[in-house]
Amino acid sequence: MLGAASATRGDRRSGSSRIRSFDYLRAIVIVLLLVHHGGIYRYSVIGVPLKNFELLIEAFLLGGFVFLSGYLAVESFDRTAGQDPGRFLLARFWRIYPPYLLALLLFGTIVGVTLDGSDWLAHILGLQMPLVPAVEKVAKTVWYVGMIWVFFIMAAVALYIWKRPAGLLAAFAVIYAGAWFVHLRWGWLDSRLLYFFPVFALAIVIAKGQWLPRILSARFFHLEKAGLAVLAALILLAFPQASQFGTDDLLAVGAYTFFVIAACILALALLEPVAARRIVYRSVVVLSVASFFIYLFHRPIWISVLAVFPQETHGREFLVRMLVATPIVIAVSYLLQIAYNRLLGRWQGSGGRAAGGMASSA
């Protein structure tokens, strides 16, 4: 690395561009989420079924959210929360929990998710992910909030105790080994916790070490990053059982982590010059700010719109969902997020300064 002082100076010179590149990445992954859930895998491009890329797209979009959440958690902990774990977790709680409860209500009514009483209680408490298999069914989509809340708790404790990247990495490794033991010995912990925690932990270590400026440097025109991303994709495709997190194979989890980190680094590197020129940045900001609410509410809004405009074929349904329902999802989510930011700002006395977004909100 260039050294701590040099890295800090580099962040000051290009920090605004780097933060904007996070907005671009968040916008890209939320668009991928919409097409991923929208039914894109029924189609082919020049004879190649898009279904072949489902594992890679899903890993990148979900892993991208987790990577951004971990990386930005360090800044939130160090600056906004003043390295106070309680303050950090309270801020995260108010950011994610009330919208999450509303999403649970909509999933139980409009989406039609059915759970028994104890499973609903676990979801309301945000404990559905660590309580598997006692929780027999984890609700689709909103499971992410239960997972990221567990990660935030571990991050708050780790960042408070260990101040250096080496200590954090060692602590996360011990936590991860313990999680694997618990999972394999008693079956507790949803496998998605094991797939995504390494991404979250590595993002925190990278942020704490201020290594991103050097990692994103264009010394080899990003060819080394592209090569690693392609290699990681090929390795992940060798583990098709990783789709739907259907295996406890440690090699599959490692391949998943390798691909997510490599793909996120490559994406951020390629996005930096785009972010510096602010190409279509206004549209990107809308998607970035609205991303958390888009994630939570796109399914209920889609279902509501399709109830008004029912379609007889999957092709027409896909077009209505993408061309009619999705713009409504984006507009409603953006307005809701802005309103919620202002509500929190007034309540917390910050003048509505807080930003939205999947990674910053969640």
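In what follows, every heavy atom counts, from backbone to side chain, and hydrogens, waters and symmetry copies are set aside. Counting begins at 1 with the first residue of the sequence.
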- Working for side-chain contact (heavy atoms from CB on, under 4.5 Å), residues Lys140 and Val111: CA-CA 10 Å; Lys140 56 187 177 183; Val111 179; 3.9 Å; yes

Quick one: are [X] and [Y] in side-chain contact, heavy atoms under 4.5 Å?
{"X": "Phe67", "Y": "Leu202", "result": "no"}
{"X": "Trp120", "Y": "Leu104", "result": "yes"}
{"X": "Val132", "Y": "Leu189", "result": "no"}
{"X": "Leu296", "Y": "Leu102", "result": "no"}
{"X": "Leu50", "Y": "Arg42", "result": "no"}
{"X": "Arg299", "Y": "Ile110", "result": "no"}
{"X": "Ile294", "Y": "Gln337", "result": "no"}
{"X": "Val29", "Y": "Leu33", "result": "no"}

Quick check: does any side chain N or O of [X] sit under 3.5 Å from a backbone N or O of [Y], one acting as donor and the other as acceptor?
{"X": "His123", "Y": "Ala139", "answer": "yes"}
{"X": "Lys51", "Y": "Ser44", "answer": "no"}
{"X": "His298", "Y": "Tyr295", "answer": "yes"}
{"X": "Tyr24", "Y": "Ile279", "answer": "yes"}
{"X": "His36", "Y": "Glu58", "answer": "no"}
{"X": "Ser76", "Y": "Leu72", "answer": "no"}
{"X": "Ser288", "Y": "Ala27", "answer": "no"}
{"X": "Arg87", "Y": "Gln83", "answer": "no"}
{"X": "Gln244", "Y": "Ala242", "answer": "no"}

To the nearest 0.5 Å, what is the distance between [atom1] on [X] and [atom2] on [Y]?
{"X": "Leu268", "Y": "Leu25", "atom1": "CG", "atom2": "CG", "answer": "5.0 Å"}
{"X": "Met154", "Y": "Ile204", "atom1": "CE", "atom2": "CD1", "answer": "9.0 Å"}
{"X": "Ser333", "Y": "Ile328", "atom1": "OG", "atom2": "CD1", "answer": "11.0 Å"}
{"X": "Ile206", "Y": "Ile215", "atom1": "CD1", "atom2": "CD1", "answer": "4.5 Å"}
{"X": "Ile96", "Y": "Phe292", "atom1": "CD1", "atom2": "CZ", "answer": "5.5 Å"}
{"X": "Leu194", "Y": "Thr247", "atom1": "CG", "atom2": "OG1", "answer": "11.0 Å"}

Look at Arg20 together with Asp23 and state whether they make a salt bridge at an N to O cut-off of under 4.0 Å.
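Salt bridge absent between Arg20 and Asp23.
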
Considering all heavy atoms, the nearest [X]-[Y] contact:
{"X": "Trp149", "Y": "Arg92", "result": "CZ3-CB, 3.9 Å"}
{"X": "Ala73", "Y": "Phe88", "result": "O-CE1, 3.7 Å"}
{"X": "Tyr100", "Y": "Gln128", "result": "OH-NE2, 3.0 Å"}
{"X": "Gly63", "Y": "Val199", "result": "O-CG1, 3.8 Å"}
{"X": "Leu271", "Y": "Ser21", "result": "CD1-O, 4.0 Å"}
{"X": "Leu106", "Y": "Pro300", "result": "CB-CG, 3.8 Å"}

Is there a path of hydrophobic side-chain contacts, each under 4.5 Å between heavy atoms of I, L, V, M, F, W or Y residues, that connects [X] with [Y]?
{"X": "Leu266", "Y": "Phe53", "result": "no"}
{"X": "Leu231", "Y": "Ile265", "result": "no"}
{"X": "Phe318", "Y": "Val45", "result": "yes"}
{"X": "Phe65", "Y": "Val329", "result": "yes"}
{"X": "Leu270", "Y": "Val260", "result": "no"}

Exercise for the section: For a ring-ring contact (aromatic ring centres under 6.0 Å, His included) with Tyr256, tell me which candidate from Phe196, Phe239, Phe197 qualifies. Expected result: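 Single pass found, and it is Phe196.
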
- request: Let me know which of Tyr71, Phe172, Phe151 forms a ring-ring contact (aromatic ring centres under 6.0 Å, His included) with Phe200.
  value: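 With Phe200 as partner, ring-ring contact (aromatic ring centres under 6.0 Å, His included) holds for just one option, Phe151.
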
Exercise for review: Applying ring pair (Phe, Tyr, Trp, His ring centres under 6.0 Å), run through Phe259 and Phe60 and close with a yes or a no.
Suggested key: CA-CA 8 Å; Phe259 171 74; Phe60 176 61; 7.1 Å; no

Derivation of the side-chain contact (heavy atoms from CB on, under 4.5 Å) call for Tyr195 and Met147: CA-CA 11 Å; Tyr195 275 79; Met147 179 185 74; over 6 Å; no

| query | Under the salt bridge (Lys or Arg N to Asp or Glu O under 4.0 Å) test, which residues partner Asp78, sequence neighbours left out? | reply |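 In terms of salt bridge (Lys or Arg N to Asp or Glu O under 4.0 Å), with neighbours along the sequence ignored, Asp78 is linked to Lys208.
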
Would Leu236 and Phe258 satisfy side-chain contact (heavy atoms from CB on, under 4.5 Å), going step by step from the backbone distance to the final call? CA-CA 8 Å; Leu236 180 56; Phe258 179 30; over 6 Å; no

task = Starting from the C-alpha separation in whole Å, work towards a yes-or-no answer on ring pair (Phe, Tyr, Trp, His ring centres under 6.0 Å) for Trp186 and Phe181.
result = CA-CA 8 Å; Trp186 294 290; Phe181 178 79; 5.6 Å; yes

If we count only N and O atoms by modelled type, under 3.5 Å, do the side chains of [X] and [Y] hold a donor and an acceptor together?
{"X": "Arg346", "Y": "Asn341", "result": "no"}
{"X": "Tyr144", "Y": "Ser69", "result": "yes"}
{"X": "Tyr41", "Y": "Asn52", "result": "no"}

Practice problem: Mind running ring pair (Phe, Tyr, Trp, His ring centres under 6.0 Å) on Phe293 and Tyr334 for me, showing each step along the way? | Solution: CA-CA 7 Å; Phe293 277 53; Tyr334 179 76; over 10 Å; no

From the options Leu127, Asp190, Asp119, Asp116, select the one residue that forms a side chain to side chain contact (heavy atoms under 4.5 Å, CB included) with Val135.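 Exactly one candidate clears the test, Asp119.
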
Requested in this report: Give a yes or no on whether the ring-centroid distance for Phe93 and Phe152 is below 6.0 angstrom.
Outcome: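 When the ring centroids of Phe93 and Phe152 are compared, they turn out to be at least 6.0 Å apart.
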
ask   = Could you walk me through whether Arg192 and Leu62 pass the side-chain contact (heavy atoms from CB on, under 4.5 Å) check?
value = CA-CA 11 Å; Arg192 285 166 283 197; Leu62 291 173; over 6 Å; no

